[in-house]
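Indexing begins at 1, ligand by ligand and atom by atom, following the structure's order.
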Amino acid sequence: MSETIPIKAVKPKDYDSGVQPVWCAGCGNYGVLAGVYRALAELNIDPANLVNISGIGCSSRLPYFLKAYKMHTLHGRAGPVATGVKLARPDLEVLITGGDGDGFSIGGGHMSPLARTNINLTYVLMDNHIYGLTKGQFSPTSRKAMKGYTTPYGGFEEPLRPLLYMLTYGASYVAQAYAGNAKMCADLISGGLAHKGFAYIHILSPCITFNKLDTADYFKEIIEDIPADHDVSDLRKAMRLIYQFEDKEPVGLLYKNERPTLDEVMGEIVQQAGGSDHYNIREIINLSRP
Ligand SMILES: Cc1ncc(C[n+]2csc(CCOP(=O)(O)OP(=O)(O)O)c2C)c(N)n1
Ligand code: SF4
């Protein structure tokens, strides 16, 4: 007689660590956190197999509020740390969470290898167009009109286009959402977690305390749904769509393809070389004998 194993119902609140978020009331990051909870519940991911890694900033505090193994690392360094975790333990679900300054300014150099190597992990970036935790400096995604602590007369650089950047570097899943729509955040995050490869989810998340230019109303005005007939497997169409939207920001899934991941490729190399945990170190030492 076969025994039925009861399936434990998982709810979004099961992923709440119990640590009270320290974000300002009204911060967009609450919507992102709700989206992360929902996505994890939807996929029934065991917190014991989940690692959430962040850098530094308001957004990088997210791992404290999530029931998972977690690391709050250094500014801009979540990517390389997460790469190490995933390569050491490919069986774990690895999730990076952080901000626009963290990811695209100090961490910019680490962003491209994640996409190019197609490491199988998910990156949720909360973009408030400002440095929040350090009280309102110009970030790589700030608009020139933004007057902050370091730019009292406005900025002098054009804002970076993160979606184009990630598509150019070869991310195999690229999506954008607005933090005010927790349902869309959840759907795109769960799609990213389920995707085999590097998944990048860009979330427009207002900083109500320091960014008085790019407010919730501004974000709501500029977002526009990606048309339902958009072909997500076509890279050129994904790029063209971003240009076509011009002053608007497309929300939804932009691009998705499948190709070997870094952890898979590394595993294959080990196999080709006949590697095993019980290799004979003597053979290697003998190579150096005259
Ligand atoms: C090496 C280093 N440089 C600078 C800082 C100071 N610092 C802390 S948070 C931060 C930026 C925060 O902005 P962002 O990453 O956009 O996240 P947010 O706080 O807006 O969520 C900076 C520059 C730091 N902690 N480490
Ligand atoms: S300063 Fe801005 S980004 Fe930081 S918690 Fe407050 S509203 Fe959120």
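- Within the sub-2.8 Å shell of atom 8 (Fe) of ligand 2, the protein contributes these N/O/S atoms: Cys27 SG.
- Summarising the geometry, atom CE belonging to Met266 is positioned 8.0 Å from atom CD1 belonging to Ile119; distances are rounded to the nearest 0.5 Å.
- The aromatic rings of Tyr165 and Phe104 sit perpendicular to each other, their planes meeting at more than 60°, with 30° as the lower class boundary.
- We find that Arg89 and Asp91 are joined by a salt bridge, their nearest charged nitrogen and carboxylate oxygen being less than 4.0 Å apart.
- Phe198 and Tyr123 have perpendicular rings, their planes meeting at more than 60° on a 0 to 90° scale where under 30° would count as parallel.
- Aromatic rings from Phe219 and His129 are positioned such that their centres are separated by under 6.0 Å.
- Contact residues for ligand 1 (protein heavy atom closer than 4.0 angstrom to any ligand atom): Ile56, Gly57, Cys58, Ser59, His75, Gly99, Asp100, Gly101, Asp102, Ile106, Asn128, Ile130, Tyr131, Gly132, Leu133, Thr134.
- In the vicinity of Phe210, heavy-atom distances shorter than 4.0 Å reach the ligand 2 atoms 1 (S).
- Ring geometry for His72 against Tyr64 counts as perpendicular: the plane angle is over 60°, on a 0 to 90° scale with 30° as the lower cut.
- Rounding to the nearest 0.5 angstrom, the gap separating the OH atom in Tyr173 from the CG atom in Asn257 is 12.5 Å.
- Between Arg143 and Asp214 there is a salt bridge, since at least one side-chain N of the basic residue sits less than 4.0 Å from a carboxylate O of the acidic one.
- The pair Glu158-Lys144 meets the salt-bridge criterion, with a side-chain N (NZ, NE, NH1 or NH2) lying under 4.0 Å from an Asp/Glu carboxylate O.
- For the atom pair CG (Leu40) and CG (Leu193), the distance works out to 6.0 Å, reported to the nearest 0.5 Å.
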